[in-house]
Each structure stands twice: as C-alpha cells, then as structure tokens.
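Scope of the values below: all heavy atoms of this structure, side chains included, with no hydrogens, waters or symmetry mates.
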Amino acid sequence: MSALYMIIGTLVALGVLVTFHEYGHFWVARRCGVKVLRFSVGFGRPLCRWYDRQGTEFVIAAIPLGGYVKMLDEREGDVPPALLDQTFNRKTVRQRIAIVSAGPIANFLLALVFFWALAMLGTEQIRPVVGAVEIGSLADRAGLTAGQEIVEINGKPTSGWSEVNLQLIRRLGESGSLEMLVRDGEDRQTQRLQLELNNWLKGAEEPDPIGSLGIRPWRPVIAPIVAQLDPDGPAQAAGVRLGDRLVSLDGQPLGEWQEVIDRVRPLGGKSVVLQVERGGLMIELPMNLAQRGEGDERRGYLGAGVAGGEWPQEMLRNVSFGPVEAIGQGLSRTWTMSVLTLDSLKKMLFGELSVKNLSGPITIAKVAGASAQSGVGDFLNFLAYLSISLGVLNLLPIPVLDGGHLLFYMVEWVRGRPLSDRVQGWGVQIGISLVVGVMLLALVNDLGRL
C-alpha cells in the first residue's frame with residue numbers, strides 16, 4: 001500500500017503542479033496574442049493528445065518530470081507571413097516578461113489556494129509545552145524550564161510545535177539573539193528569554209532545531225512495547241518481535257519509550273544487550289546498534305517503534321479560520337515559505353546550510369506517498385510547499401529556467417536591444433551545466449538517504 005500511495009501521490013503532485021505552471025504560461029500567451037502550438041504535461045512519447053479549436057495540440061506524455069508550452073517563434077523555423085503577428089519573438093519585451101513570469105506566479109497562486117483551504121479546514125495542533133530541558137544547553141542557559149509553553153519566537157506566534165520548528169529553521173546557520181516568549185504553566189505569567197546563537201547548526205546535514213536547543217517537547221508517557229519493526233534494522237535482526245516489552249539496555253532499566261531513545265542515541269555502532277519481556281519470560285538479545293548521521297549528528301538506531309500515546313485534550317488545540325480570515329493566513333503562509341525557500345538556497349550557496357539538505361525526485365516521491373497516506377490535509381500542505389519550491393526555483397536567474405529568460409528580457413528592456421545570440425548561447429550552456437549539476441547532487445543525496 002505504501003508503494004501504491006507513493007506512485008499515485010507522486011503522479012498527482014507532479015500532474016497538478018506542472019499543469020498549473022504551464023497553464024500560467026499558456027493563459028497569458030493567449031491573451032498577448034501568441035499562437036500556442038503545443039501544451040505538454042510530461043516529456044517523451046505522447047500517451048494521449050487532442051486539439052482545440054485554435055489548433056493547439058494538448059499532450060500527456062510518458063515521462064512526468066515536467067512539461068512545456070511551445071509557442072510560434074521565428075527563431076525555431078519559418079513562419080507564414082499571415083502568422084507573423086502571432087509569434088512570441090515579435091511581442092514587446094513587457095509581453096514576453098509577462099508570459100515567462102506567469103508560470104511561477106501560477107505556482108504561488110496555487111499554493112495560496114491550498115493554504116487558504118487548509119486554514120478553513122483547520123488543524124489539531126499539539127501545544128508547544130516543554131517536557132524537559134537538557135542541562136547546560138542553549139535553552140537551559142536562557143532560563144527555559146519544563147512545563148513552560150512557547151508562545152512566540154522572534155515575535156511570531158507559535159500555536160504548535162510545527163510553528164516552533166518553522167521559526168527555528170529560519171535561523172539555521174546564523175548567529176545572534178533568538179527571542180522566545182514563554183508562558184508558565186501554573187500562574188500563566190509570560191516572560192521573554194534570549195537564546196544566543198553562534199553559527200547555529202551551520203553545515204548540519206540533518207538539523208534538529210528543537211532538539212539542538214536542548215528542548216524536549218512534552219509528550220504522554222508511552223510504555224516501551226514494540227509496535228513497529230524496521231525489517232532491515234538491528235532489533236529485527238537480533239530477534240525482537242512485535243509485542244515485546246523492552247525491559248533494560250545493558251542492565252539499565254527502561255521504564256518508558258523516551259528512555260529507550262535517550263539510551264540508544266549515544267551508542268551508535270556499539271554492541272549492547274537488550275532485555276525484553278515476552279509472554280512472561282525475560283529474554284536477553286545481544287545486538288549491534290546501527291548508526292545514523294555523521295559527525296556531531298551521529299546517533300544510534302534500534303529500528304523499533306511504539307504505538308502513539310493518547311494525548312490529553314488540554315494539550316491539544318484546534319486552529320481554524322473563516323473564509324475571509326483564511327485569505328490572510330494563506331497570503332502570510334505563502335510569503336513565509338517563499339522567503340524561507342529562497343533564504344535556504346542562499347545559505348546553501350554560502351555554506352551556512354549543508355547541500356545534503358537538498359532533495360531530489362526520490363525524496364519527493366517518498367514524501368508525496370507519506371503525505372497522501374496521512375490524509376487530505378497533509379497532502380495539500382505538501383502540494384503547497386512543493387508548488388512554492390517550483391515557483392522559487394524557476395525564478396532563479398539561471399538561463400534555461402524562467403528566471404534566466406526574465407534576466408535576458410530585463411537586460412533587453414534596459415539596453416533597448418537584446419543580447420547577442422552568442423552571449424545568450426553561452427548563458428544557456430552555463431545554465432544547463434548548473435541545472436544538471438544540481439539535479440545530480442540532489443539525486444546523490446536521495447540515494448544516500450536510502
């Protein structure tokens with residue numbers, strides 16, 4: 001079922017996002033009087049095709065990794081004199097800019113619609129109440145204590161842990177003060193704390209913003225009874241079975257699941273003895289713990305999981321908005337994620353974020369499947385984020401991307417004449433090299449996560 005969700009989720013995601021992107025180009029081109037020859041979703045051999053009354057060929061092709069809109073253009077072949085006024089290259093610079101920018105704009109508008117719908121549907125969020133603070137950590141030095149609820153970070157409200165994580169991600173690789181407004185659980189008084197960052201998580205391959213501050217979110221106590229097993233994990237290999245209760249690790253008692261996580265984390269790659277209770281019998285299972293991550297991010301991996309505990313109602317909150325309020329929420333979310341995406345790219349370029357955080361088609365497919373399996377809300381959220389990423393990436397001033405074409409047209413607008421074909425040719429070659437290089441890097445990162 002997971003594989004089926006991954007395939008369907010990926011096809012739906014790419015189909016929707018590519019169609020809207022290309023439709024943006026198509027819609028504006030038609031209104032600028034350009035004749036559109038083909039509207040293709042996908043590349044390669046056409047699976048099906050049809051024509052409209054204006055002679056445009058619509059194609060769904062076999063390779064669903066993009067699409068294109070082919071317009072009448074004198075640079076691509078001879079054009080009958082009667083159709084010269086419908087060619088793309090004879091339109092004004094402003095019209096060409098409008099046509100090229102319409103694709104990314106369509107992606108931002110689509111994300112806005114998804115975020116608007118999500119704001120109206122509402123979400124159930126876990127209140128960001130601190131369960132524990134690691135001694136000597138950044139949070140501990142700032143005065144954060146267990147039981148406090150994080151209300152704001154840098155002036156931005158944090159209704160749940162996802163918002164806390166989002167605001168922290170914006171500061172990855174940076175130095176300076178991070179302001180946190182917290183509320184005490186008992187007297188409901190608020191206080192402002194200052195956490196001092198110094199190249200915080202700079203270059204980390206798998207950053208854990210909340211954990212790296214020394215914060216452990218509050219969660220219900222969960223008994224260490226195995227409900228999930230990684231078929232390739234050390235627990236399965238050592239003989240752990242579903243339903244086993246984990247009793248101790250190297251003689252250290254395990255009273256709850258969090259203790260299992262804490263004990264396993266520093267033991268990556270080491271040999272341990274896990275004691276489990278099965279059917280009233282105590283069984284000792286020697287095993288070699290696996291290791292995940294690199295450098296300071298290295299941690300032990302057991303390959304076992306538990307069923308989620310039940311959350312008390314007072315720790316949950318429902319957040320939803322009316323149709324008008326949801327527009328503001330959608331705009332705010334779209335802007336925030338667009339800026340975050342662009343900022344993350346800048347940080348990767350300057351080494352503040354590891355390029356290993358860059359994801360390719362395999363990771364996108366896995367996330368698409370997982371979000372589709374989680375429900376409509378999670379899938380819409382994934383589509384919105386992916387649509388924003390597609391919009392931002394296409395606006396980068398790299399020839400062969402929409403942003404590269406926009407760069408050429410802006411220069412033409414300022415100079416009063418286009419760049420020479422030779423200069424544009426060099427730009428395209430450089431652009432292709434950059435795009436292929438980034439795609440290969442993302443694919444290597446994906447393969448490294450398998």
**Q** Taking the ring of Trp161 and the ring of Trp218, is the distance between their centroids below 6.0 Å?
**A**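 That pair fails the under 6.0 Å test.
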**Q** State whether Lys270 and Asp250 are salt-bridged, where the test is any N-O pair (Lys NZ or Arg NE/NH1/NH2 against Asp/Glu carboxylate O) under 4.0 Å.
**A**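 No, Lys270 and Asp250 are not salt-bridged.
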**Q** Is the side chain of Asn381 donor-acceptor paired with the backbone N or O of Gly377 at a distance under 3.5 Å, no angle test?
**A**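 A pair under 3.5 Å: no.
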**Q** Start with the C-alpha gap between Asp140 and Glu134, add the side-chain angles, then the distance that decides, and say whether side-chain contact (heavy atoms from CB on, under 4.5 Å) holds.
**A** CA-CA 7 Å; Asp140 180 51; Glu134 184 182 334; over 6 Å; no
**Q** Is the backbone N or O of Gly211 less than 3.5 Å from a side-chain atom of Asp208, with the two atoms forming a donor-acceptor pair by type?
**A**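 Yes; judged by distance alone, with no hydrogens or angles, the pair exists.
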**Q** Quick check: Phe20 with Phe26 (ring centres under 6.0 Å apart)?
**A**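 Aromatic pair excluded; centres sit 6.0 Å or further apart.
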**Q** Are Asp184 and Gln148 close enough that a side-chain donor and a side-chain acceptor fall under 3.5 Å?
**A**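 Yes, side-chain donor-acceptor contact under 3.5 Å.
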**Q** Determine yes or no for a side-chain-to-main-chain donor-acceptor pair under 3.5 angstrom, with Thr19 supplying the side chain and Val16 the backbone.
**A**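 No; zero donor-acceptor contacts below 3.5 Å.
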**Q** Any sub-3.5 Å donor-acceptor pair from Trp257's side-chain atoms to Val226's backbone N or O?
**A**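 Pair absent, no side-chain N/O of Trp257 close to backbone of Val226.
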**Q** Distance alone, cut at 3.5 Å: any donor-acceptor contact between the side chains of Gln167 and Glu152?
**A**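 Result is no, nothing qualifies.
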**Q** Does any N or O in the side chain of Arg263 come within less than 3.5 Å of the main-chain N or O of Leu249, such that one atom is a donor and the other an acceptor?
**A**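 Judged by distance alone, no pair lies under 3.5 Å.
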**Q** Can Asp343 and Lys346 be counted as an ion pair, charged N to O under 4.0 angstrom?
**A**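 Result for this pair is yes, salt bridge flagged.
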**Q** Can you tell me if Arg219 and Gln258 form a side-chain donor-acceptor pair at under 3.5 Å?
**A**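 Checked: Arg219/Gln258 side chains pair up, N/O donor to acceptor below 3.5 Å.
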**Q** Flag the pair Arg192 and Glu179 as a salt bridge only when some basic side-chain nitrogen lies within less than 4.0 angstrom of an acidic carboxylate oxygen.
**A**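 Answer for the salt bridge query: yes.
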**Q** Do Ser177 side-chain atoms and Glu196 backbone N/O form a donor-acceptor pair below 3.5 Å?
**A**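 Absent.
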**Q** Could you state the interatomic distance from CE (Met6) to CG (Leu4), rounded to the nearest 0.5 Å?
**A**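 Nearest 0.5 Å value for the CE-CG distance: 10.0 Å.
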**Q** Just checking, is any N or O donor in the side chain of Arg333 or Tyr385 under 3.5 Å from an acceptor N or O on the other one?
**A**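 There is such a pair (donor and acceptor under 3.5 Å, judged by atom type) between the side chains of Arg333 and Tyr385.
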**Q** Please walk me through it: do Thr10 and Ile364 pass side-chain contact (heavy atoms from CB on, under 4.5 Å)?
**A** CA-CA 8 Å; Thr10 303; Ile364 291 172; 5.6 Å; no
**Q** Determine whether a donor-acceptor pair (N or O, by modelled atom type, separation under 3.5 Å) exists between the side chain of Lys347 and the backbone of Leu172.
**A**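 Side chain of Lys347 to backbone of Leu172: a pair is present.
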**Q** Among Gln125, Glu149, Glu163, whose side-chain contact (heavy atoms from CB on, under 4.5 Å) with Thr158 holds?
**A**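 By the side-chain contact (heavy atoms from CB on, under 4.5 Å) criterion, Thr158 pairs with just one of Gln125, Glu149, Glu163: Glu163.
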**Q** Heavy-atom count around Trp311 CH2 within 6.0 Å, excluding the residue itself: above 12?
**A**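 Enclosed.
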**Q** Does either side chain, that of Trp200 or that of Ser212, offer a donor lying less than 3.5 Å from an acceptor on the other one?
**A**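 Yes, side-chain donor-acceptor contact under 3.5 Å.
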**Q** Among Glu277, Met282, Gln275, exactly one meets side-chain contact (heavy atoms from CB on, under 4.5 Å) together with Arg245. Which residue is that?
**A**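 Result for side-chain contact (heavy atoms from CB on, under 4.5 Å) with Arg245: Glu277.
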**Q** Is the ring pair Phe58/Trp50 parallel, tilted or perpendicular, if the boundaries are 30 and 60 degrees?
**A**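 Geometry flag for Trp50 against Phe58: parallel rings.
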**Q** Please identify which of these residues, Ile105, Leu110, Asp402, Val69, meets the side-chain contact (heavy atoms from CB on, under 4.5 Å) condition with His21.
**A**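 Of Ile105, Leu110, Asp402, Val69, side-chain contact (heavy atoms from CB on, under 4.5 Å) with His21 is met by Asp402 alone.
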